[in-house]
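Reminder, nothing fancy here: chain letters follow the sequence lines and each chain counts from 1.
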Amino acid sequence: MDHYVYNILISAYAKEEMVGEVMHIFTKMRQQGLNPDAVSYGTVIDLLSRIGRMDDAMSLFNQMITEGLAPGIIVFNHLISGFCTCGKWEKVHELFSEMLDCGICPDTVFFNTVMDRLCKNGRVTEAQDLFDLMVHMGVKPDVCTYNTLMGGYLFVGKMDEVSKLLDNMVSIGMEPDVITYNILIDGYSKNGRIDDALVVFREMLDTKGKPSVISFNIMIGALLKCGRKAEAKDLFDGIWANGLVPDIVTYSLMIQKLIEEGSLQESDDLFVSMEKNGCAANSRMLNAIVRSLLQKGEVPRAGTYLSKIDERSFILEASTASLLTALASRGKGQEYKELLPEKYSELLIEA
DNA sequence: GTAGGGTTAG
C-alpha cells in the first residue's frame, strides 16, 4: 500500500466523521513504515477542525512541521475554518500572520471561509470589508463569494444590498448557480417576502435551469410555515416531474405538517412510503416526529416511533427526553408507562 | 490517481 491508498481510506472515513478509524489508519501507516504526507495530514486536520477539536488539530499541524512537511494554503484554511467556527478570532489572526510569514498568500477559499463565518454571525459589514480587501489584493471572487455575501445581507435583512450584488455579479459576466437561487429563495422567505421567493423559484423552473431537491425543500418549508399547505403539496407532487426525488428533508417537512394538523394516518402512510422509496429516516427526523406527536398528546403513536429510534440505535436527543420527562411531571407518568417502550420508563418516573 | 469554501429540517 502506498500513500494514495491510505489517503483515500482516511478521506473516506473522515467524510463519515469516523474519528477513531481515521486515527487508526493514520497511526497504522506509520507502523508500516510509511510516514503520513501533506495530504494525509491535511485530511485529518480538516476532520478535527470540523468537529471542533482544535487542540488536536493544532498538535498535528505542529507535528507535520516537525517532520519537515510544509503546510500549504489548504491546511491553513482548514485550521482557520475551525477557529472561525468556534469563534476564536484571535487564533484566526495568529494563523493568518503565520501564513503570510511562510510566504503563503490567502486565496479565494480563504476569503470565502472567513466571510461565511462572519456572515453567519451577522457580521456582514466585516465580510464586506474582506470582500473589498480581496478585490484590492487581486484575489478573484467567485460564485461562492457572491453567494456567501448575499446570504449575509439576507440574514440581516439588507435586501437592497442583495439586489446590488446580484446585479454586480451579472454585470461582470458571472452566472448565478442553483445555490445562488436557493439562498435567494430562503432569504426572501425568511424576510417575509415569500411571493418574491416564489417568483425566483418559478423562474428557476421555467428558464434559469434546474432547481435541486433543496430548492423544493426551501420553498415547501417556507409555504408550510406560513400556512399555504395546498401550494406546498402541489410542489411536493411536482418533484418527480422535474426528474428529482424527495429526500429526508422533504419528507420531514411534509410529515411534520401532517402531524401538526392531526392527519396522523396520512403521516404514518407517508413515513412508510418514504422508507419504501429507499429513503431511510435518520435520528434527527425520528426525534422530531416523536416530539411533534408528544406535543399533540399522541403518546401511543410516539411510542411506535420511539421504538424505531431504539431499533436503529439512534440517540434520544435531550429535547425529546425532556418532553417525556414533562409528561411525568404532569402526573401522567404512570398512565403512559405501558404505552411507551420499556427502556424509557425511567424518564417517566415522577420526581 | 488523493485534501479545502457557498443552500434546506430545530
Side-chain angles (χ1 to χ4, degrees), chain A residues 1-12 14-15 22 36-47 49-50 64 69 71-82 84-85 106-120 127 130 134 139 141-152 154-155 169 176-187 189-190 197 200-201 204 211-225 246-257 281-289 291-292 295 317-320:
Chain A
M1 297 230 269
D2 59 1
H3 282 110
Y4 177 74
V5 179
Y6 277 107
N7 290 345
I8 297 277
L9 270 173
I10 291 175
S11 123
K15 197 169 286 171
V22 167
D37 62 8
V39 175
S40 333
Y41 271 106
T43 311
V44 182
I45 289 174
D46 172 37
L47 171 62
S49 304
R50 262 184 0 233
M64 79 182 282
L69 293 168
I73 181 72
I74 295 183
V75 168
F76 274 102
N77 285 346
H78 286 144
L79 288 167
I80 285 169
S81 163
C84 284
T85 305
D107 63 358
T108 306
V109 176
F110 168 87
F111 283 106
N112 292 353
T113 303
V114 181
M115 285 171 62
D116 181 57
R117 298 323 308 180
L118 288 169
C119 287
K120 294 217 158 68
L130 278 182
M134 79 187 280
V139 181
D142 62 8
V143 191
C144 266
T145 319
Y146 278 92
N147 290 349
T148 300
L149 200 51
M150 280 193 282
L154 285 161
F155 185 68
M169 110 185 242
D177 64 8
V178 189
I179 298 183
T180 315
Y181 293 120
N182 290 350
I183 290 170
L184 288 173
I185 294 169
D186 187 49
S189 304
K190 289 186 172 145
V200 176
F201 184 77
M204 260 179 119
S212 65
V213 68
I214 296 179
S215 323
F216 275 93
N217 292 346
I218 295 169
M219 203 63 251
I220 288 171
L223 287 166
L224 289 177
K225 191 168 261 177
D247 68 6
I248 192 154
V249 176
T250 330
Y251 284 110
S252 287
L253 290 165
M254 299 302 292
I255 287 174
Q256 294 264 82
K257 187 63 179 185
N282 61 15
S283 175
R284 180 175 171 175
M285 179 187 201
L286 286 171
N287 272 277
I289 290 177
R291 285 193 299 267
S292 307
Q295 273 157 353
E317 294 176 358
S319 52
T320 316

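With ring centers used as reference points, Phe201(A) lies 6.0 Å or more from Tyr181(A).
Here Val213(A) lies out of heavy-atom contact (under 4.0 Å) with every strand. Within 4.0 Å (heavy atoms only), Gln256(A) reaches no atom of the nucleic acid at all. Contact annotation for Lys120(A): backbone-only contact, meaning every heavy-atom pair under 4.0 Å involves sugar-phosphate atoms and none involves a base. Among the heavy atoms of the strands lying under 4.0 Å from Leu253(A) are primed sugar atoms or P, OP1, OP2 only; no base atom is included. Residue Ser81(A) is classed as having no contact, given no heavy-atom separation below 4.0 Å to the nucleic acid. The residue Ser319(A) sits close to a base: some heavy atom pair falls under 4.0 Å. In this structure, Ala38(A) reaches the bases: a heavy-atom distance under 4.0 Å links it to at least one base atom across the strands shown. When heavy atoms are screened at a 4.0 angstrom cut-off, Ile214(A) is found touching base atoms of the nucleic acid. Residue Thr43(A) is in sugar-phosphate contact alone, with no base atom involved, counting any heavy-atom pair closer than 4.0 Å across all strands shown. Residue contacts shown for Asp177(A) include a base, since a base heavy atom lies under 4.0 Å away.
Per the geometry, CD1 belonging to Ile73(A) stands 18 Å off P belonging to dA3(B), to the nearest Å. Between the OH atom of Tyr251(A) and the P atom of dT8(B) there is a distance of 21 Å, given to the nearest Å. Distance Tyr6(A) OH to dG1(B) C1': 18 Å, rounded to the nearest Å. Following rounding to the nearest Å, Arg291(A) (CZ) and dA9(B) (P) show an atom-to-atom distance of 14 Å. Atoms CD1 (Ile255(A)) and C1' (dG10(B)) sit 16 Å apart, rounded to a whole Å. In this structure, OH of Tyr4(A) is placed 9 Å from P of dG1(B), rounded to the nearest angstrom. Leu223(A) has its CG atom 14 Å from the P atom of dA9(B), to the nearest Å. The interatomic distance linking Asn182(A) (CG) with dA9(B) (P) rounds to 12 Å, in whole Å.
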Working for side-chain hydrogen bond (donor to acceptor under 3.5 Å, both in side chains), residues Thr145(A) and Asp142(A): CA-CA 5 Å; Thr145(A) 319; Asp142(A) 62 8; 2.9 Å; yes

Criterion salt bridge (Lys or Arg N to Asp or Glu O under 4.0 Å) on Arg284(A) and Glu317(A), from CA distance to verdict: CA-CA 8 Å; Arg284(A) 180 175 171 175; Glu317(A) 294 176 358; over 6 Å; no

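Distance from the side chain of Ser11(A) is smallest for dA3(B) among the nucleotides dT8(B), dA3(B), dA9(B). With dG1(B), dA9(B), dT7(B) as the choices, the nucleotide that has an atom nearest any side-chain atom of Ser252(A) turns out to be dA9(B). Candidate nucleotides dT2(B), dG10(B), dT7(B) were compared by shortest atom distance to the side chain of Ile179(A), and dT7(B) ranks first. Side-chain proximity of Lys225(A) to the nucleotides dT8(B), dA9(B), dG10(B) is greatest for dG10(B). Here the side chain of Ile218(A) is nearest to one of dA9(B), dT8(B), dA3(B), namely dT8(B).
Within the 4.0 Å cut-off from OP1 or OP2 of dT7(B), not a single side-chain nitrogen or oxygen of Lys190(A) is found.
The main-chain N or O of Ser283(A) is found under 3.5 Å from a side-chain atom of Asn287(A) such that the two form a donor-acceptor pair.
For the atom pair NZ (Lys257(A)) and CD1 (Ile220(A)), the distance works out to 13.0 Å, reported to the nearest 0.5 Å.
Pairing each heavy atom of Ile183(A) with each of Gly151(A), the nearest pair is CG2-CA, 3.8 Å.
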